[in-house]
2 protein chains.
Amino acid sequence: MPATARSARPPVLTPGRPLYEEVRAHLTEGVAAGRWKAGEAIPSEADLAAHFGVAIGTIRKAVDSLVAQGTLLRRQGKGTFVTAHDGRRLMFHFFHIVGADGAKAYPEVRTASFERGRADAAEAAALAIVRDERVIRIRNVLSLDGRAVIVDDITLPAALFPGLTERIFTARDNTIYHLFQSRYGINVLRTDERLRATLASGPTAALLGLPAGAPLLEIRRVAITFRDRPVELRVSRVNTASHVYHNTFGKGEAI
Amino acid sequence: MPATARSARPPVLTPGRPLYEEVRAHLTEGVAAGRWKAGEAIPSEADLAAHFGVAIGTIRKAVDSLVAQGTLLRRQGKGTFVTAHDGRRLMFHFFHIVGADGAKAYPEVRTASFERGRADAAEAAALAIVRDERVIRIRNVLSLDGRAVIVDDITLPAALFPGLTERIFTARDNTIYHLFQSRYGINVLRTDERLRATLASGPTAALLGLPAGAPLLEIRRVAITFRDRPVELRVSRVNTASHVYHNTFGKGEAI
DNA sequence: AAGTGGTCTAGACCACTAG
DNA sequence: TAGTGGTCTAGACCACTTC
């Protein structure tokens, strides 16, 4: 069959852009809409090819990009699955504090406060909501190697997290992004971070056991899901006396 | 022709791993060895397919990964080129300081000192050289919007940069990584960064016009080329009063 | 018109997982 | 043994660049 003679396909694939992009968009929509939930398998490549009326190679190209993006996960012989945020996957995808020697460390989290309020101007701008919209504010203290090292101030749009209580929040046995996903169907796709150096003061200094004037690394992170929707604002203050923020650029594997 | 009946191919492709990985390794080797220089075109996909004795689709898969890695660059209708570090490509790939409002800014660079010396223990460890090996130390002051904001202390293994003088270094009209590439054939593939918060003191404070005790963001970066070879150690100290370090994780494009 | 990369097809066989 | 993803082929046509 020549490449141009496409057979009839149930879902309308609007022309103008490559088929694999159409397929990719449909798959992404399916995940975002919860048609396939985190950890579940999507249909086999052969089924998808039949469903969309395209060759299996086109399906593979679409799935490839979603695997690269982190939305899907392939397991040879088993199937293709929606990525689940358990198993510490995003733990280290989005947590970049390591020991000064580069050793990874799992933080121990304690929730210091959990309150409801209304968005101020900065929060509203970061979360793409209107001012005075309801938000949830959480303060966590993270310890590494038994010492308090990080203070996290988290702001969530309350509308996205109905029924979230301190009890539910602290009872989670996994990362916060896993909670987002398992309870609210929110997949964090990417984060945007801005880092500054500041000086310790007030309650933050006290929580970290530091004198006023000690240097702190401040990380202002916005977590983003499908359709560029911000779902979380998190301001972290890190004592970098014995831990550092670690980061690599470029996907170059050795030859 | 069935998939298993491969025709004779001049370069021996060792079995055991996928053909496209073999091809990828050969292409990477060619770039690393300078067979095709930065900005030059590699052979066409059809030529490569004939040369390696594989299908064009296999070549495409190998090239795809090198394009994703940033080593190669495709231009439809023209060819596939070795990425050149001019045109500010790596400028913003590896320079992450932006205005507090997120606006990109081009730094103005002034070289404050250029000296030769011998590696101390920390430099030797970071650059994978032996202690007391010859190094070049450069101190740059970077200004954004007319104000000194960053002090860079750069350490280079002298063996990798023969004949590098302050005159050559400061005469460059482009980024330092472009100089690495154009004069020494060194392609920076990736960087490893560790960030801490520190306090301003001594000459750094003076260069930035800050009082002692002001908070500074310290970035310790190692630049890495093929075969995981470190080629540069750079310690940057950034005044984040009106600029921030910006960073995103996750390649998620909107649906 | 010729040459390049970009998309897509149809089908083969291999490697892994499960019943 | 059946079903899944992983690799690879051979060839078609399209879109872009250059002459």
Side-chain angles (χ1 to χ4, degrees), chain A residues 1-9 11 13-27 36 39-68 71-83, chain B residues 1-9 11 13-27 36 39-83:
Chain A
M1 185 200 287
T4 47
R6 289 167 197 156
S7 53
R9 32 192 151 63
L13 299 186
T14 63
R17 55 171 172 167
L19 287 181
Y20 68 86
E21 283 188 15
E22 290 292 325
V23 172
R24 177 197 150 105
H26 275 83
L27 293 177
W36 310 294
E40 293 181 3
I42 68 173
S44 75
E45 297 179 343
D47 285 353
L48 289 172
H51 179 248
F52 288 110
V54 301
I56 208 169
T58 302
I59 298 294
R60 283 191 68 80
K61 188 154 184 176
V63 171
D64 277 347
S65 72
L66 291 173
V67 168
T71 300
L72 297 180
L73 180 73
R74 282 199 172 104
R75 281 196 261 172
Q76 187 174 8
K78 300 189 72 175
T80 302
F81 300 79
V82 178
T83 302
Chain B
M1 183 201 286
T4 47
R6 289 168 197 157
S7 54
R9 31 191 154 62
L13 298 185
T14 63
R17 57 171 171 166
L19 286 182
Y20 68 86
E21 284 188 14
E22 291 292 326
V23 172
R24 177 196 149 108
H26 274 83
L27 293 177
W36 311 294
E40 292 181 4
I42 68 173
S44 75
E45 297 180 343
D47 286 354
L48 289 172
H51 179 248
F52 288 110
V54 301
I56 208 169
T58 303
I59 298 294
R60 283 192 68 81
K61 187 154 183 176
V63 171
D64 277 347
S65 72
L66 291 173
V67 169
Q69 187 193 348
T71 300
L72 297 180
L73 180 72
R74 283 199 171 106
R75 281 196 261 171
Q76 187 175 9
K78 300 189 72 173
T80 302
F81 301 79
V82 178
T83 302

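We name chains A, B, ... by the order of the sequence lines, and we start the count at 1 in each one. Since we're looking at a predicted model, the values are computed, not measured.
Taking only side-chain atoms of A/Pro18, from C-beta outward, the nucleotide of D/dC8, C/dT7, C/dT9 with the closest atom is C/dT7. Each of D/dG5, D/dT9, C/dG5 was ranked by its minimum atom distance to the side chain of B/Glu45; first place goes to C/dG5. Among the nucleotides C/dC8, C/dG6, D/dT9, the one closest to the side chain of B/Val54 is D/dT9. Of the candidate nucleotides C/dG5, C/dT9, D/dT9, D/dT9 has the atom nearest to the side chain of B/Thr58. Checking C/dT4, C/dC8, D/dT7 against every side-chain atom of A/Leu19, the shortest atom distance belongs to C/dC8.
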Kindly list each side-chain donor-acceptor pair under 3.5 angstrom involving residues 52-66 of chain B, sequence neighbours excluded, with atom names and distances?
from, atom 1, to, atom 2, distance (Å)
B/Arg60, NH1, B/Glu45, OE1, 3.1
B/Arg60, NH1, B/Glu45, OE2, 3.0
B/Asp64, OD1, B/Arg74, NH1, 2.7
B/Asp64, OD1, B/Arg74, NH2, 3.2
B/Ser65, OG, B/Arg24, NH1, 2.9
B/Ser65, OG, B/Ala62, O, 2.9

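The side chain to side chain contact (heavy atoms under 4.5 Å, CB included) check on A/Gln76 picks up nothing, with sequence neighbours excluded.
Proximity of B/Leu48 to B/Ile42: side-chain heavy atoms (C-beta onward) are separated by under 4.5 Å at one or more points. Taking 4.5 Å as the limit, every side-chain heavy atom of A/Leu27 sits out of range of all side-chain heavy atoms of A/Thr71.
For A/Lys61 and C/dG6, the NZ to P distance is 8 Å, given to the nearest whole Å. Atom CG of A/Leu66 and atom C1' of D/dG5 are 16 Å apart (whole Å). For B/Leu27 and C/dG5, the CG to P distance is 12 Å, given to the nearest whole Å. Spacing between atom CZ of A/Arg60 and atom P of C/dC13 amounts to 18 Å, rounded to whole angstrom units. If you take CD1 of B/Ile56 and P of C/dG3, they are 14 Å apart, rounded to a whole angstrom. The CZ atom of B/Arg17 sits 19 Å away from the P atom of D/dG6 (whole-angstrom rounding). Look at CZ on A/Phe52: it is 13 Å from P on C/dT9, rounded to the nearest Å. For B/Ile59 and C/dG5, the CD1 to P distance is 11 Å, given to the nearest whole Å.
Against DNA chain C, the stretch residues 72-81 of chain B makes heavy-atom approaches under 4.0 Å through B/Arg74, B/Arg75, B/Gln76, B/Gly77, B/Lys78, B/Gly79, B/Thr80.
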> Going through the distances and angles, do A/Thr80 and A/Leu73 end up as a side-chain contact (heavy atoms from CB on, under 4.5 Å)?
Replying inline: CA-CA 6 Å; A/Thr80 302; A/Leu73 180 73; over 6 Å; no
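A/Trp36 and A/Ala41 make their closest contact through CD1-O, 4.2 Å (heavy atoms, listed as atom of the first residue, atom of the second, distance).
Remark: A/Tyr20 is in phosphate contact with C/dT7, judged by side-chain N or O atoms under 4.0 Å from OP1 or OP2.
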> Dot-bracket for DNA chain C: what is it, with Watson-Crick or G-U pairs under 3.5 Å, [ ] where a pair crosses earlier ones, and | for a pair to another strand?
Replying inline: ||||||||||||||||||.
